[in-house]
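Both counts, for ligands and for their atoms, begin at 1 and track the order of listing.
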Amino acid sequence: MSILITGGAGYIGSHIVERLIKNKIKVIILDNLNTGHKKLINKKAFFIRGDINDKNLVKSILKSYNVKTIIHLAACLNVNEAEINPQKYMENNVKGTENLLLSCKNSIVKNIIFSSSCSIYGNINGAVNENKKPNPEGKYAYSKYLGEKLIKKYSKKFNFKYGIFRYFNVAGASNSGKVGEVEKSYGHLIKNIAIQSLKKKAVIKIFGNNYPTKDGTCVRDYIHVSDLTDLHIKGINYLIKNKKSFILNCGYGKGYSVLNVVNVFKKIKKNLVIIYQKKRFGDVPQVYSNTKKIEKMFKWKPKHNDINKIIRSAIRWEKIFNKTNNK
Ligand code: UDP
């Protein structure tokens, strides 16, 4: 079996590649390295630097490697940037997905996993399940919503099955210490915490403290990237075995406020300074998953659903990455 993974040099992609290689699967990475990183490329994978918009390239990869399964993660991910430059998100996330799908015409591709986002739900009261009508509020969320629509449309046309994964907040790093989150520019809370953990005087800004939540700060569902990786493996196996498409929320079903998360960090870094700032544009007050479907479909029991563990894992990676980078 050979699997093509677009965006395989990115944070989540590199974790999935690591696991697939461990499972002795032939992996082809297609990544333009715009948001992916050379350091995250697994040496045992076939790496092709290129773009999902390049139909001829994708067609030739599908053919020469006999690809039956694609994990499509390649995308632009910066929520703020999407508001400033929506065209870039249409081009990369929407057109890119369509071109990738068009390249599957007359191929032997039978299964496609697509990385979507919980942001397509918009603001949520209580836990959200997969049947909730999407209400994407920002341009990034909208690009993922359109991506899902394209996957469904071409699944009928070209006769493949799909697994759409709606990621909640992914954090942490593999135990191997070889892959983790590199990109700083997204300003993710747990990445920021990891960065600050290495500083003598750590400072964390909390964006907004008068949201309609239990303590006034935003609530999110943080999932460890190693559990998310497990879910992708289960998803591929499910598609191969059952030949049935699905949509799944990937979260633990528990919401943590920003303050909850920051307080966990404060226990690790006693001299942490917390600064409250105004709300960040586009943040929804709360979103967390209803996990009934994922538990039932995959008989899933997460292994790393502990916010302490997630934060410590992100910090550990940050230390390793900094050490090897500063050599
Ligand atoms: N956040 C924060 N300080 C930071 C980074 C993020 O208060 O330094 C907040 C952000 O406003 C949001 C939550 O933490 O409410 C999670 O943000 P993140 O960027 O990690 O993920 P998102 O939910 O936006 O995808």
Student: Using 30° and 60° as the class boundaries, would you call the ring planes of Tyr256 and Tyr222 parallel, tilted or perpendicular?
Tutor: tilted

Student: Considering only non-hydrogen protein atoms, determine which one is nearest to atom 8 (O) of ligand 1 and report residue, atom name and distance to 0.1 Å.
Tutor: Asn192 ND2, 2.9 Å

Student: Report the residues that fulfil salt bridge (charged side-chain N to carboxylate O under 4.0 Å, His left out) with Lys157, sequence neighbours left out, ordered by chain and then residue number.
Tutor: none

Student: In terms of atom number and element, which parts of ligand 1 are under 4.0 angstrom from non-hydrogen atoms of Tyr222?
Tutor: 16 (C)

Student: Should the ring pair His232 and Phe165 be called parallel, tilted or perpendicular, given that the plane angle runs from 0 to 90° and is split at 30 and 60?
Tutor: tilted

Student: Please list the nearest protein heavy atom to atom 21 (O) of ligand 1 with its residue and the distance rounded to 0.1 Å.
Tutor: Asn169 ND2, 3.0 Å

Student: Side-chain donor-acceptor contacts of residues 180-187 below 3.5 Å, not counting sequence neighbours, with atom names and distances?
Tutor:
unit_1	atom_1	unit_2	atom_2	d
Glu181	OE2	His188	ND1	2.9
Glu183	OE1	His37	NE2	3.2
Glu183	OE2	Ser185	OG	2.8

Student: Which residue supplies the protein heavy atom nearest to atom 1 (N) of ligand 1, what is that atom called, and how far is it?
Tutor: Phe207 CD1, 3.6 Å

Student: Nearest protein heavy-atom contact for atom 23 (O) of ligand 1: which residue, which atom, what distance?
Tutor: Arg220 NE, 2.6 Å

Student: Regarding Asp227 and Lys303, does a basic nitrogen lie under 4.0 Å from an acidic carboxylate oxygen?
Tutor: no

Student: Salt-bridge test for Glu148 and Arg166: reply yes if a basic N is under 4.0 Å from a carboxylate O, no otherwise.
Tutor: yes

Student: May I ask you to identify the nearest protein heavy atom to atom 20 (O) of ligand 1, giving residue, atom name and distance to one decimal place in Å?
Tutor: Leu189 N, 2.8 Å

Student: Tell me: protein heavy atom nearest atom 24 (O) of ligand 1, and distance?
Tutor: Arg280 NH2, 2.7 Å

Student: How far is atom 9 (C) of ligand 1 from its nearest protein heavy atom, and which residue and atom is that?
Tutor: Val258 CG2, 3.7 Å

Student: Under a 4.5 Å side-chain heavy-atom rule over Ile, Leu, Val, Met, Phe, Trp and Tyr, are Leu100 and Val67 clustered together?
Tutor: yes

Student: Check ligand 1 against Cys218 and write out every atom of the ligand that is under 4.0 Å from a heavy-atom position of the residue.
Tutor: 15 (O)

Student: Identify the closest protein heavy atom to atom 12 (C) of ligand 1: which residue and atom is it, and at what distance?
Tutor: Asp283 OD2, 3.8 Å

Student: Hydrogens and angles aside, do Asn325 and Lys39 bring a side-chain donor and acceptor to less than 3.5 Å of each other?
Tutor: yes

Student: Using a strict 4.0 Å cut-off to heavy atoms of Gly187, name the atoms of ligand 1 that fall inside it.
Tutor: 5 (C), 6 (C), 19 (O)

Student: Could you tell me, atom by atom, which parts of ligand 1 come under 4.0 Å of a heavy atom of Lys205?
Tutor: 2 (C), 3 (N), 4 (C), 7 (O), 8 (O)

Student: Side chains of Asp221 and Ser289: donor-acceptor distance under 3.5 Å anywhere?
Tutor: no

Student: Answer yes or no for Phe168: is there a heavy-atom contact with ligand 1 below 4.0 Å?
Tutor: no

Student: Closer than 4.0 Å to some heavy atom of Ile206 - which atoms of ligand 1 meet that?
Tutor: 7 (O)

